A.B. asks: 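Following this message is one structure expressed as structure tokens.
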Amino acid sequence: MRWSQTLIPTLKEDPSDAEIVSHKLMLRAGLIRKLSAGAYSYLPLGLRSLNKIINIVREEMDAAGAAEVLMPVLQPAELWRESGRFDGFGDLMCRFTDRAGRVNVLGPTHEEVITSIVRDSLNSYRQLPVTLYQIQTKFRDEVRPRFGVLRSREFQMKDAYSFDVDEAGLGHSYKAMYDAYCRIFSRCGLKYRPVEADTGLIGGDVSHEFMVPAESGEDIMLSCAKCGYDANAERAECPPTKDAQGPCDSGLAGKSNVREVSTPGAHTVEQVCKFLNTEPAQLIKTLIYMADGKPVAVLVRGDREINQAKLQRFLKAGTLEMASAVTILDVTGGPLGFSGPVGLKLRMVADWSVWPMKDFVTGANKADTHLVEVNLGKDFKIEEFSDLRMAKEGDRCPRCEGTLALTHGIEVGHVFKLGTKYSSKMNALFRTEKGEQKPMVMGCYGIGINRIMASAIELYHDEHGVIWPMSIAPYQVIIVSLRQDDEQIMGAAKKIYENLQKVGVEVLWDDRDLAPGVKFNDADLIGIPIRVTVGNKVVKAGTVDVKPRSAKEQVPVFHAGAVEAVTEMLQKYTCG
RNA sequence: CGGGGCGUAGCUCAGCUUGGCUAGAGCGCUUGGUUUGGGACCAAGAGGUCCCGGGUUCAAAUCCCGGCGCCCCGACCA
């Protein structure tokens, strides 16, 4: 392709509405343009890279034995009511009512659709296992789209779904996808780590996310250098410490020493600590949640945070939200900020961090009042303890004696063992060898295509622009011709351009009549891996210069040998 | 959804506090000329719904009210 015939609108300055480096560079290099918040057009260069990623994904899915399908974006709400997710997804799902008054959604994911297809088409163990996938646009009405294409309302996803007869079968399907994902990310040139993950709205028991380490990543991973444990912070386990092995009601025998103290205006942990001259770790926070509409008191040590995902799983709640101030007053008798477990007539659950605590501070369910020297067993009882807190940097590793370290990351893929969550609700059944009917055992597997592109740029760039990995670069080679009015130069450039195309090299020829500096800077900005410069030297010495984008120095070669030099370099820089 | 910021030429922004003449700069664009291996120079030129609507005023980019859009932080989140 000649630059003069395509659309590559590069920008000299950073666009004002971009914050992170991949977003800035994608706009500046003319890969994308924003239409509205969270909706982007892909221009020729961006689309070429996107398609290269899609090709890699497709090759690896096919190699892993998955079959490609294409399902509708437009889906009836009814289908989502079957699985029970119509409400679960809430406003995250784009919905509209059609002319006949039917409620429709734009698919945020396709578990329901694929399950409805499979339940009608497969009914015997003889037909299983099967893995189906598609590559398609997904819609999510995100609360806050941001970071360019990293969190957008419309994006490209590869989603795959496996159907097996049992858990063991699912294990194999899951492994096959997991391995395919590793190959895909490697071939795209990414650094990545699979980590244990929470299953969120998709559901299921086991899941792994594939994370690209990046400062700008929205996700936080906690990892143990000692044993290799690696998990998303929202998933990372916080098992009970050794202290929690013993009785938590150690003070049961003695008399209660609880005293009320006045703490006017102190309703945050910090304020209370300052007032009572104590530490957050000596407080118990009592949070009131509404789980499926019923109030629950949740206790955690004052210096820790509740992990809502863990809580929701423990309570097996369909919906979970923090109670309003009005509700808190109603169920505890005290205002927001002064809740405590003593005398509370609610379901109470506590994080393990509460277990070993003694003589602690709690709210008194009374305005401007706290209780001190409170003890478990003596003053109140907790029947249910569990791991409910958010893990954080510096915590003990749940698997060994190591310490957890923190890294930010971009989630580029996520694999789930769903089990029978969808198949049983939606009646996707099959007949076993013995003639019994059983729900299929499912897995689902997603890759964010656009995120692969953005995270590659996050990983590989310098102050001049993008440095594409060869496998997903829009073009492999860029020819920069320096004098558009010089027949010898243009003739040599054209010959190299045509000969490279003949041997199947993807080449962009910058044939624009612009100053050399402009063209070099644009070439650096768009980051094509190999640059061939054709200028005066071809006239004077018969040479052109070949330079990898990632290298500082260029090497002169005779123009007749340029194609050979380039193809040699191509091999050197191609990974996977 | 809470908090903050922004909206003026294709892009980046100044002007707004303290209302006033024809609304500005740099880059980009057009034409002519000179240049040509790292964002060149000279000259001439085109380009505006100052986000939208209403109000105040002799007079509004500027002040007031309402709305829309975008960005950031938080809450939330495959």
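Nothing here was measured: the structure is a model prediction, and the numbers come from that model. Below, read A as the first sequence line, B as the second, and so on, with proteins coming before strands; counting in each chain starts at 1.
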A.B. asks: Return whichever of A:Pro15 or A:Arg153 has its heavy-atom-nearest nucleotide of RNA chain B closer to the 5' end.
C.D. replies: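 Nearest nucleotide further toward 5': that of A:Pro15.
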A.B. asks: Nearest whole Å is fine: how far is B:C11 P from A:Lys24 NZ?
C.D. replies: 18 Å
A.B. asks: Using Watson-Crick or G-U wobble pairs with both distances under 3.5 Å, give me RNA chain B in dot-bracket, 5' to 3', with [ ] for crossers and | for pairs to another strand.
C.D. replies: (((((((..((((......[...)))).((((((.....)))))).....(((((..]....))))))))))))....
A.B. asks: Would you mind classifying the nucleic acid contact of A:Gln308 as base, sugar-phosphate or nothing, using non-hydrogen atoms under 4.0 angstrom?
C.D. replies: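 If one applies the 4.0 Å heavy-atom cut-off, A:Gln308 turns out to touch the sugar-phosphate alone, with no base involved.
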A.B. asks: Check side chain to side chain donor-acceptor pair (under 3.5 Å) between A:Thr137 and all other residues, then give those that pass, not counting sequence neighbours.
C.D. replies: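 Testing A:Thr137 for side chain to side chain donor-acceptor pair (under 3.5 Å), a comparison that skips the adjacent residues, returns A:Gln156.
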A.B. asks: Under 4.0 Å between any heavy atoms, over every strand shown, what does A:Leu482 touch: base, sugar-phosphate, or nothing? Just pick one.
C.D. replies: base
A.B. asks: Base, sugar-phosphate, or nothing: which does A:Asn536 touch, judged by heavy atoms less than 4.0 Å apart?
C.D. replies: base
A.B. asks: Once you round it to whole Å, what is the distance between C1' of B:G28 and CG of A:Leu11?
C.D. replies: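 Atom CG in A:Leu11 sits about 10 Å away from atom C1' in B:G28.
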A.B. asks: Check RNA chain B against residues 522-533 of chain A and give the residues with a non-hydrogen atom under 4.0 Å, in numerical order.
C.D. replies: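 Within this stretch, A:Asp522, A:Asp524, A:Arg531, A:Thr533 sit under 4.0 Å of the strand.
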A.B. asks: Verify the contact: side-chain N or O of A:Asn521 to OP1 or OP2 of B:G38, cut-off strictly under 4.0 Å; return yes or no.
C.D. replies: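 False: A:Asn521 side-chain N/O out of range (4.0 Å or more) of B:G38 OP1/OP2.
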A.B. asks: Is A:Lys537 touching bases, backbone alone, or none of the nucleic acid, heavy atoms closer than 4.0 Å?
C.D. replies: base
A.B. asks: Less than 4.0 angstrom from a charged side-chain N to a carboxylate O is my criterion; do A:Asp545 and A:Lys537 meet it?
C.D. replies: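 So A:Asp545 pairs with A:Lys537 through a salt bridge.
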A.B. asks: For A:Gln554, answer base if it contacts any base atom (sugar-phosphate contacts may also be present), sugar-phosphate if it contacts only those atoms, and nothing otherwise; contact means non-hydrogen atoms under 4.0 Å.
C.D. replies: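 Base contact - A:Gln554 has a heavy atom under 4.0 Å of at least one base atom.
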A.B. asks: Looking at A:Ser16, I'd like to know whether one of its side-chain N or O atoms comes within less than 4.0 Å of OP1 or OP2 on B:C11.
C.D. replies: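 Negative; the distance criterion is not met.
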A.B. asks: Measure from the side chain of A:Phe147, starting at C-beta and using heavy atoms only, and say which of B:C73, B:G37, B:C70 lies closest.
C.D. replies: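 Nucleotide nearest to A:Phe147's side chain: B:C73.
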A.B. asks: Report yes if the distance between the aromatic ring centroids of A:His110 and A:Tyr133 is under 6.0 Å, otherwise no.
C.D. replies: no
A.B. asks: If you look at every strand shown and take non-hydrogen atoms under 4.0 Å, does A:Asp545 touch a base, only sugar-phosphate, or nothing?
C.D. replies: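 The residue A:Asp545 makes base contact.
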A.B. asks: Hey, would you say the A:His208 and A:Phe210 ring centroids sit under 6.0 Å apart?
C.D. replies: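 That pair fails the under 6.0 Å test.
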A.B. asks: Report yes if at least one side-chain N or O of A:Lys12 is closer than 4.0 Å to OP1 or OP2 of B:G28; otherwise report no.
C.D. replies: yes
A.B. asks: Of the nucleotides B:U36, B:A78, B:C72, which one has an atom closest to the side chain of A:Arg140?
C.D. replies: B:A78
A.B. asks: It should be established whether A:Lys519 places a side-chain nitrogen or oxygen under 4.0 Å from OP1 or OP2 of nucleotide B:U36.
C.D. replies: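 For B:U36, OP1/OP2 do not have a side-chain N/O of A:Lys519 under 4.0 Å.
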A.B. asks: Taking only side-chain nitrogens and oxygens of A:Arg144, does any of them come within less than 4.0 Å of OP1 or OP2 of B:C73?
C.D. replies: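 So the side-chain polar atoms of A:Arg144 do come within 4.0 Å of the phosphate oxygens OP1 or OP2 of B:C73, strictly under.
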A.B. asks: Rounding to a whole Å, what distance do you find between A:Glu305:CD and B:C76:P?
C.D. replies: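 In whole Å, B:C76 P lies 10 Å from A:Glu305 CD.
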